[in-house]
Novice: 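Here it is, the structure, as structure tokens.
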Amino acid sequence: MKENNTLKEIAGELMRASSVLIFPHISMDGDTLGSSIALCRGLRDKGKTAYVAIEEEIPEYLRFLDDGSCTFDIDVISEPDLCVCVDCAHIERFIHRKDKFLKGKATMCIDHHRTSQGFADFNHIDGRAAATAEIIYELLNEIDVAVDKIIGEAIYAAIITDTGNFQYSNTRVESHLITAELFNLGIDHSYVCMMLYQNDRIEKLHISGKILGTIKMMASGKAAMAYVTREMLDRAGALMTDTEGTSEILRNISGVELSLFAKETKFDETKFSIRSKTWVDVSEISMKYKGGGHKRAGGFTINKPAFEAIKMIEADIEEYFASHSGGNDN
């Protein structure tokens, strides 16, 4: 890992750049998109040419955040002074845009994952932050951006999604203090929550029922796994984004410490979302498969068909709990 730069150093590099291209990670969530849009708008307010470069459709429940910052045109800035990846622990999180990222005259990574590799020229990794948006908020203050309603709502959406509405153990005092400041700025928190949590497609309910029918309990009820295949999605007329939140639903089962949700993305590629309640460090499990994340939330990809990957993971999870039978590092 390269040197971890101070927030002041990061701010200085941003202010030296005239053009900035921002890279959220694939399978966008509230934190990567909200943080990217907040940073983009803040930089534009400082007179910079800035865009958020994406490679996939924004999930429907997050589309209200885009104020015109996002673009599929990777060459919207032909030679960026600075390319900034946001909420990305490693470069594989935007692998199809990697070449453009590396063509920046300088590169930067702003992230809060403990497993972050710090692969850019300039890196600010703060594993204490509950969301990358907390770092972005501090950064915008550092460069003297007047945080407006749009920026504030993007940051608020990012914080509440990454803390599970302040339920998760990553929530800290600063999460609440920043949110209080955003309220004082006049954000419409009811609107943000409505768009995030009361805006489901009917297809999401259809596919959710199918997924919940696949639940398998493991490790004497301490672990739960479910899956979705491409065929299941097609039959329900659903999108993969309609499966968001499944890992959390599985974790909510009484007695479950660890939840896993397997998503068949290609014939020979299965992505796993993994969550824990109190003591399992999921980053330890994720890193075994070259993934990453936090203590209580992570993910990884196995290049095998879904049912082969699931069978392999089932054996590993049973072995994990057998070897950590007394584990509880609350």
Novice: For residues 139-167, which residue pairs pass the ring pair (Phe, Tyr, Trp, His ring centres under 6.0 Å) check, not counting sequence neighbours?
Specialist: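 Qualifying pairs: Tyr156-Phe183, Phe166-His176.
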Novice: Flag yes if more than 12 heavy atoms outside Lys46 fall under 6.0 Å of its NZ atom; otherwise flag no.
Specialist: yes
Novice: Within the supplied structure, the quantity of interest is the number of heavy atoms (other residues, nucleotides, ligands) at a distance under 6.0 Å from Met287 CE; does it exceed 12?
Specialist: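 Not buried by this count: 12 neighbours or fewer within 6.0 Å.
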Novice: I'd like to know whether NZ of Lys48 has more than 12 heavy-atom contacts from other residues, nucleotides or ligands below 6.0 angstrom.
Specialist: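 Result for NZ/Lys48: enclosed.
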Novice: What pairs with Ala120 under side-chain contact (heavy atoms from CB on, under 4.5 Å), at least two apart in sequence or on another chain?
Specialist: Phe101, Thr107, Cys109, Asn123
Novice: For residues 44-92, which residue pairs qualify under ring pair (Phe, Tyr, Trp, His ring centres under 6.0 Å), counting only residues two or more places apart or in two chains?
Specialist: Phe64-Tyr191
Novice: Would you please name every residue forming a salt bridge (charged side-chain N to carboxylate O under 4.0 Å, His left out) with Asp81, sequence neighbours left out?
Specialist: Lys105
Novice: For Arg128, does the CZ atom have more than 12 heavy-atom neighbours from other residues, nucleotides or ligands under 6.0 Å away?
Specialist: no
Novice: State which residues pass side-chain contact (heavy atoms from CB on, under 4.5 Å) with Lys149; sequence neighbours excluded, sorted by chain then number.
Specialist: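 So Lys149 forms a side-chain contact (heavy atoms from CB on, under 4.5 Å) with Glu153, Asp188.
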Novice: Side chains of Phe300 and Val282: does their closest heavy-atom pair fall under 4.5 Å?
Specialist: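 SC-SC contact between Phe300 and Val282 ruled out.
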Novice: Which residue pairs pass the salt bridge (Lys or Arg N to Asp or Glu O under 4.0 Å) test when at least one of the two sits in residues 190-210, sequence neighbours left out?
Specialist: Arg201-Glu203, Arg201-Asp242
Novice: By side-chain contact (heavy atoms from CB on, under 4.5 Å), which residues pair with Asn184, not counting sequence neighbours?
Specialist: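 With sequence neighbours excluded, Asn184 shows a side-chain contact (heavy atoms from CB on, under 4.5 Å) to no residue whatsoever.
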Novice: List in chain and number order the residues that pass side-chain contact (heavy atoms from CB on, under 4.5 Å) with Asn170, two or more places apart in sequence or in another chain; answer none if no residue qualifies.
Specialist: Ala130, Thr163, Tyr168
Novice: For Glu9, give me all partners under salt bridge (charged side-chain N to carboxylate O under 4.0 Å, His left out), at least two apart in sequence or on another chain.
Specialist: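 If we apply the salt bridge (charged side-chain N to carboxylate O under 4.0 Å, His left out) test to Glu9, skipping adjacent residues, there are no hits.
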Novice: Enumerate the side-chain hydrogen bond (donor to acceptor under 3.5 Å, both in side chains) contacts for residues 34-45, please, sequence neighbours excluded, ordered by first and then second residue.
Specialist: Asp31-Ser35, Arg41-Asp67, Arg41-Asp148
Novice: Going by the rule salt bridge (charged side-chain N to carboxylate O under 4.0 Å, His left out), which residues pair with Glu13 if we only count those two or more places apart in sequence or in a different chain?
Specialist: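 Once residues adjacent in sequence are excluded, the partners of Glu13 under the salt bridge (charged side-chain N to carboxylate O under 4.0 Å, His left out) criterion are Arg16.
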Novice: I want to check something: taking the side chain as every heavy atom from C-beta on, are Phe261 and Ile249 in contact at a cut-off of under 4.5 Å?
Specialist: no
Novice: Can you list every side-chain hydrogen bond (donor to acceptor under 3.5 Å, both in side chains) pair that touches residues 214-229, not counting sequence neighbours?
Specialist: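 Checked against side-chain hydrogen bond (donor to acceptor under 3.5 Å, both in side chains) - neighbours excluded - the pairs reaching residues 214-229 are Lys216-Glu314.
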Novice: What's the verdict on side chain to side chain contact (heavy atoms under 4.5 Å, CB included) for Leu14 and Leu39, showing C-alpha distance, side-chain angles and the deciding distance?
Specialist: CA-CA 10 Å; Leu14 286 169; Leu39 177 61; 4.3 Å; yes
